[in-house]
Chemist: 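The structure follows.
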Amino acid sequence: MYTQSFNVPDKADAPPGAALKAVPHDSALQAHFDAVIDADGKIEPRDWMPDAYRKTLVRQISQHAHSEIVGMLPEGNWISRAPSLKRKTILVAKVQDEGGHGLYLYSAAETLGTSRDQMFDALHSGKAKYSSIFNYPTLTWADVGVVGWLVDGAAIMNQIPLCRCSFGPYARAMIRVCKEESFHQRQGFEALLSMMQGTAEQKAMVQDAVNRWWWKCLAMFGPPDADSPNSVQGMRWGIKRISNDDLRQKFIDATVPQAEVLGVTLPDPDLKWNAERGHHDHGPIDWDEFWAVVNGDGPCNKERLATRVKAWNDGQWVRDAALAHARKQEERAMKEAA
Ligand code: FAQ
């Protein structure tokens, strides 16, 4: 899908006499980079890029990767309690997909010269961010459906424009991720639809889950544009294509008719169609709660991090064994060659 090459050309790839060529002055490199961005082209790992562009990408892609693997936890919690074999099989496949998305994204970030160990260190020490949404608990089976419908729905809305991101490996990884997320969203909607055709208790369970998740999903898109320090530069670089507020609005407009089909009420008394704007108006989002969660003070932050750290520590013997095996193989190959 994409290579994991760092920004160092292989000898075989270097054109003859490359070492003798004058290294272009930084401003020429910058001008070339700007021209590629302005022409809506792609920057690849071996291309020159400004340090700030590289840093921004590592920040966003690694946060995204962490979100995928921490995002496995709230749903993974329900694998052993899924109500049927069919639902269990679907959920196992979905959670496995999220792990795969994390791996594509870590690989994409590695192409920028950041090692996976560095990224895991940042996650495990609490320095790195991951999506606020995964710090809330999944209390009932309906939560699993709502995570698929709304959380994956919000993730797709945010990620479709990232398929056109200016950094090649990220954009290419997003194409497959979005296809899989689309399956995730639909299975969530379908699971909720069948509950909404069930008993009064099942319907109430779905409505309760929607009530608890709706506002958190709106906050997932990030702070309002006016309070988003990274947006202007991210848009200039073609990393972000659509602003936080515009994506949030698109998500609301797309979700309202889906809620009608399901027969659930979205918990916002101010939610109504504004014919003049051609969009739905909505009530205020609790940004104090959002920042508290982002800064480590949500209902499940400590539990999520502790689970990831434990999984990392428990897996140490696997990494040790793989390294020991690789060493032995190398020694054997050297003996045979001698
Ligand atoms: N949670 O200036 P901006 C998924 C931070 S994947 C936590 O607007 P930016 C799949 C932001 O990092 C979900 N922190 O930042 C799945 C920045 O802090 P920093 C993840 C947040 O980067 C589904 C500060 O606030 N998706 O769900 C959040 O331009 C189901 C200021 O914000 C991605 O990561 C938040 N919600 O825009 C898995 C997509 N929002 O770094 C399992 C890629 C903002 O300066 C089950 N990322 N912050 O210290 C993006 O598109 C962008 O990074 C945004 C934020 C839009 C998230």
Side-chain angles (χ1 to χ4, degrees), residues 52 55-78 91 93-102 104-105 108-109 122 126-136 138 143-165 167 170-171 173-174 177-178 180-185 187-188 213 215-237 239-248 251 285 287 289-298 301 304:
K55 219 169 140 192
T56 294
L57 281 167
V58 169
R59 177 185 66 80
Q60 179 166 329
I61 301 173
S62 63
Q63 283 178 5
H64 193 167
H66 299 326
S67 303
E68 298 281 358
I69 61 160
V70 176
M72 296 166 80
L73 302 176
E75 289 175 290
N77 190 27
W78 278 91
L91 188 56
K94 179 184 192 298
V95 172
Q96 182 175 285
D97 282 352
E98 311 295 2
H101 299 172
Y104 316 147
L105 288 162
K127 267 190 242 142
K129 288 193 169 72
Y130 58 84
S131 183
S132 50
I133 197 77
F134 301 118
N135 291 307
Y136 294 96
T138 39
D143 288 46
V144 176
V146 169
V147 168
W149 174 41
L150 295 181
V151 176
D152 283 282
I156 297 171
M157 196 56 88
N158 164 273
Q159 286 168 187
I160 296 261
L162 291 174
C163 297
R164 293 186 292 116
C165 161
F167 185 57
Y170 193 25
M174 278 302 114
V177 169
C178 284
E180 292 179 351
E181 299 288 23
S182 156
F183 153 72
H184 297 170
Q185 196 263 356
Q187 67 78 38
W213 286 90
W215 290 104
K216 281 85 176 132
C217 288
L218 298 190
M220 255 180 96
F221 292 93
D225 295 348
D227 303 326
S228 162
N230 301 303
S231 274
V232 171
Q233 188 61 68
M235 305 267 283
R236 165 70 189 97
W237 278 328
I239 297 172
K240 277 173 106 156
R241 297 285 179 168
I242 304 180
S243 81
N244 297 0
D245 283 334
D246 287 350
L247 283 172
R248 192 167 11 250
F251 173 71
I285 296 170
W287 292 111
E289 177 187 331
F290 169 79
W291 287 116
V293 174
V294 170
N295 291 320
D297 206 11
N301 294 59
R304 299 288 183 243

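The structure presented is a predicted model; accordingly, all values stated were derived computationally and were not measured. Whatever order the structure lists them in is the order used to number ligands and atoms, beginning at 1.
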Chemist: Would you say that more than 12 heavy atoms from the other residues, nucleotides or ligands in this model lie under 6.0 Å from the CD of Q233, or not?
Modeler: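 More than 12 heavy atoms, drawn from other residues, nucleotides or ligands, come within 6.0 Å of this atom.
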
Chemist: For atom 51 (O) of ligand 1, what's the nearest protein heavy-atom neighbour? Residue, atom name and distance, please.
Modeler: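 Nearest protein contact, heavy atoms only, for atom 51 (O) of ligand 1 is N158 ND2, 3.0 Å.
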
Chemist: Using a 3.5 Å distance criterion without hydrogens, assess whether the side chain of Q187 forms a donor-acceptor pair with backbone atoms of H184.
Modeler: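 Yes, Q187 side chain to H184 backbone: donor-acceptor pair under 3.5 Å.
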
Chemist: Could you identify the single nearest non-hydrogen protein atom to atom 10 (C) of ligand 1 and state the distance to 0.1 Å?
Modeler: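 For atom 10 (C) of ligand 1, the nearest protein heavy atom is E181 OE2, 3.3 Å.
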
Chemist: Could you tell me, atom by atom, which parts of ligand 1 come under 4.0 Å of a heavy atom of S67?
Modeler: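 The list of qualifying atoms is 13 (C), 20 (C).
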
Chemist: Do any nitrogen or oxygen atoms of E75 come within less than 3.5 Å of a nitrogen or oxygen of ligand 1?
Modeler: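 Such a contact does not occur with ligand 1.
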
Chemist: Going by the atom numbers of ligand 1, which of them fall below 4.0 Å from some non-hydrogen atom of Q159?
Modeler: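 Ligand 1 atoms under the 4.0 Å threshold to Q159: 6 (S).
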
Chemist: Report yes if some N/O of E98 lies less than 3.5 Å from some N/O of ligand 1; otherwise report no.
Modeler: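 No, E98 has no N/O under 3.5 Å of an N/O on ligand 1.
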
Chemist: If you apply the rule side-chain contact (heavy atoms from CB on, under 4.5 Å), what do you find for W213 with T138, and how did you get there?
Modeler: CA-CA 10 Å; W213 286 90; T138 39; 4.0 Å; yes

Chemist: Give the contacting part of K94 toward ligand 1: side chain, backbone, both or neither, where contact means a heavy-atom distance below 4.0 Å.
Modeler: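 Side chain only; the backbone of K94 stays clear of ligand 1.
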
Chemist: Which residue holds the protein heavy atom closest to atom 7 (C) of ligand 1, what is that atom called, and what is the gap in Å?
Modeler: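 For this ligand atom, the closest protein heavy atom is Y130 O, 3.3 Å.
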
Chemist: To check you understand the geometry: which heavy-atom pair defines the closest contact between M220 and S131, and what is its length?
Modeler: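 Smallest interatomic distance, heavy atoms only, reads CG-OG, 3.9 Å.
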
Chemist: Give me the nearest non-hydrogen protein atom to atom 50 (C) of ligand 1 as residue plus atom name, then the distance to 0.1 Å.
Modeler: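 Residue, atom and distance for the closest contact: Q60 NE2, 3.4 Å.
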
Chemist: Look at D97 together with K94 and state whether they make a salt bridge at an N to O cut-off of under 4.0 Å.
Modeler: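 Salt bridge between D97 and K94, a charged N being under 4.0 Å from a carboxylate O: no.
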
Chemist: Need the ligand 1 atom indices (1-based, order shown) with element for anything under 4.0 Å from a heavy-atom of P223.
Modeler: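 Heavy-atom distances to P223 below 4.0 Å select 8 (O), 31 (C), 32 (O), 44 (C).
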
Chemist: Is there a polar contact between ligand 1 and N230, counting only N or O atoms under 3.5 Å apart?
Modeler: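 Yes, since at least one N or O of N230 sits under 3.5 Å from an N or O of ligand 1.
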
Chemist: So, regarding P229 and ligand 1 (criterion: nitrogen or oxygen to nitrogen or oxygen, under 3.5 Å), is there a contact or not?
Modeler: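 Yes.
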
Chemist: Under the side-chain contact (heavy atoms from CB on, under 4.5 Å) rule, what do K240 and S228 come out as? Steps first, then yes or no, please.
Modeler: CA-CA 12 Å; K240 277 173 106 156; S228 162; 4.0 Å; yes

Chemist: Can you tell me which residue and heavy atom of the protein come closest to atom 40 (N) of ligand 1, and the distance to 0.1 Å?
Modeler: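 Scanning the protein heavy atoms, the shortest distance from atom 40 (N) of ligand 1 goes to G222 CA, 3.3 Å.
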
Chemist: For the residue pair Y170 and H64, categorise the inter-ring angle as parallel (less than 30°), tilted (30 to 60°) or perpendicular (more than 60°).
Modeler: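 Ring orientation of Y170 relative to H64: perpendicular.
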
Chemist: Quick test: of every protein heavy atom, which one is nearest to atom 41 (O) of ligand 1, and how far off is it to 0.1 Å?
Modeler: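 That would be Q63 NE2, 2.7 Å.
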
Chemist: Under 4.0 Å, counting heavy atoms only: does H184 come that close to any atom of ligand 1?
Modeler: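 No.
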
Chemist: Counting each atom of ligand 1 from 1 as listed, which ones have a heavy atom of F221 under 4.0 Å away?
Modeler: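 Answer for ligand 1: 56 (C).
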
Chemist: I would like to know whether I239 and L57 meet side-chain contact (heavy atoms from CB on, under 4.5 Å); could you show each step before the answer?
Modeler: CA-CA 8 Å; I239 297 172; L57 281 167; 3.9 Å; yes

Chemist: Check the angle between the aromatic planes of F290 and W287 and answer parallel, tilted or perpendicular using the 30° and 60° thresholds.
Modeler: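 Judged by the thresholds at 30° and 60°, the geometry between F290 and W287 is perpendicular.
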
Chemist: Would you confirm whether D227, through its side chain, and P224, through its main-chain N or O, come within 3.5 Å as a donor-acceptor pair?
Modeler: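 No: the side chain of D227 does not pair with the backbone of P224.
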
Chemist: At what distance is the nearest protein heavy atom to atom 3 (P) of ligand 1, and which residue and atom is it?
Modeler: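 Sorting protein heavy atoms by distance from atom 3 (P) of ligand 1 puts S228 OG, 3.4 Å first.
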
Chemist: Return yes when G234 approaches ligand 1 closer than 4.0 angstrom through a heavy atom, no otherwise.
Modeler: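 The answer is no, since G234 has no heavy atom less than 4.0 Å from ligand 1.
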
Chemist: Please say which of Q185, M157, E180 ends up in a side-chain contact (heavy atoms from CB on, under 4.5 Å) with D152.
Modeler: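 The passing option is Q185.
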
Chemist: Flag K129 as yes when one of its N or O atoms lies below 3.5 Å from any N or O atom of ligand 1, and as no otherwise.
Modeler: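 Yes; the residue has a nitrogen or oxygen that sits under 3.5 Å from a nitrogen or oxygen of the ligand.
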
Chemist: Is a side-chain N or O of T56 found less than 3.5 angstrom from the main chain of A52, in a donor-acceptor match?
Modeler: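 Indeed, once roles are kept as given, a pair shorter than 3.5 Å links the two residues.
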
Chemist: Quick check on contacts: which atoms of ligand 1 are under 4.0 angstrom from a heavy atom of W291?
Modeler: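 Reading through ligand 1 atom by atom, the close ones are 24 (C), 25 (O).
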
Chemist: Protein non-hydrogen atoms only, distance under 4.0 Å: does atom 54 (C) of ligand 1 have such a neighbour?
Modeler: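 No; the ligand atom in question lacks any protein heavy-atom contact below 4.0 Å.
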
Chemist: Looking only at atom types and distance, does a side-chain atom of R304 sit under 3.5 Å from a main-chain N or O of Y136, one as donor and one as acceptor?
Modeler: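 Checking the backbone N and O of Y136 against the side chain of R304, a donor-acceptor pair under 3.5 Å is found.
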
Chemist: Should you measure from each heavy atom of V294, which atoms of ligand 1 turn up under 4.0 Å away?
Modeler: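 Here the atoms of ligand 1 in question are 7 (C), 14 (N).
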
Chemist: Does the side chain of Q63 come under 3.5 Å of the side chain of H66 through a donor N or O and an acceptor N or O?
Modeler: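 There is no such pair between these side chains.
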
Chemist: Could you check whether any side-chain N or O of N301 sits under 3.5 Å from a backbone N or O of V293, counting only pairs where one atom can act as donor and the other as acceptor?
Modeler: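 Yes; at least one donor-acceptor contact below 3.5 Å.
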
Chemist: Nearest to atom 48 (N) of ligand 1, what protein heavy atom do you find, and at what distance?
Modeler: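 Answer, as residue, atom name and distance: F290 CZ, 4.1 Å.
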
Chemist: Got a donor-acceptor contact below 3.5 angstrom from the R248 side chain to the G222 backbone?
Modeler: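 Present.
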
Chemist: Output the list of atoms in ligand 1 that are nearer than 4.0 Å to some heavy atom of G71, sorted by atom number.
Modeler: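 Numbered from 1, ligand 1 contributes 42 (C), 46 (C).
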
Chemist: Go through it in stages, so that I can follow the logic: the residues are I61 and F167, the test is side-chain contact (heavy atoms from CB on, under 4.5 Å), and I'd like the CA-CA distance, side-chain angles, deciding distance and then a yes or no.
Modeler: CA-CA 11 Å; I61 301 173; F167 185 57; 4.1 Å; yes

Chemist: So is S132 polar-close to ligand 1, meaning N/O to N/O under 3.5 Å?
Modeler: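 Looking only at distances, the answer is yes, because the N/O contact criterion of under 3.5 Å is met.
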
Chemist: Please report whether ligand 1 has a polar contact with E68, defined as an N or O pair separated by less than 3.5 Å (distance criterion only).
Modeler: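 Min N/O separation from ligand 1 is not below 3.5 Å for E68.
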
Chemist: Considering both backbone and side-chain atoms of M72, is one of its nitrogen or oxygen atoms within less than 3.5 Å of a nitrogen or oxygen in ligand 1?
Modeler: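 M72 vs ligand 1: no N/O contact under 3.5 Å.
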
Chemist: Indicate yes or no: does an N/O atom of K240 lie under 3.5 Å from an N/O atom of ligand 1?
Modeler: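 Yes - when backbone and side-chain N and O of K240 are compared with those of ligand 1, one distance drops under 3.5 Å.
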
Chemist: Within ligand 1, which atoms have a heavy atom of N244 less than 4.0 Å away?
Modeler: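 In order of numbering, the contacting atoms are 8 (O), 56 (C).
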
Chemist: Do ligand 1 and Y170 have nitrogen or oxygen atoms that lie under 3.5 Å from each other?
Modeler: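 No - when backbone and side-chain N and O of Y170 are compared with those of ligand 1, no distance drops under 3.5 Å.
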
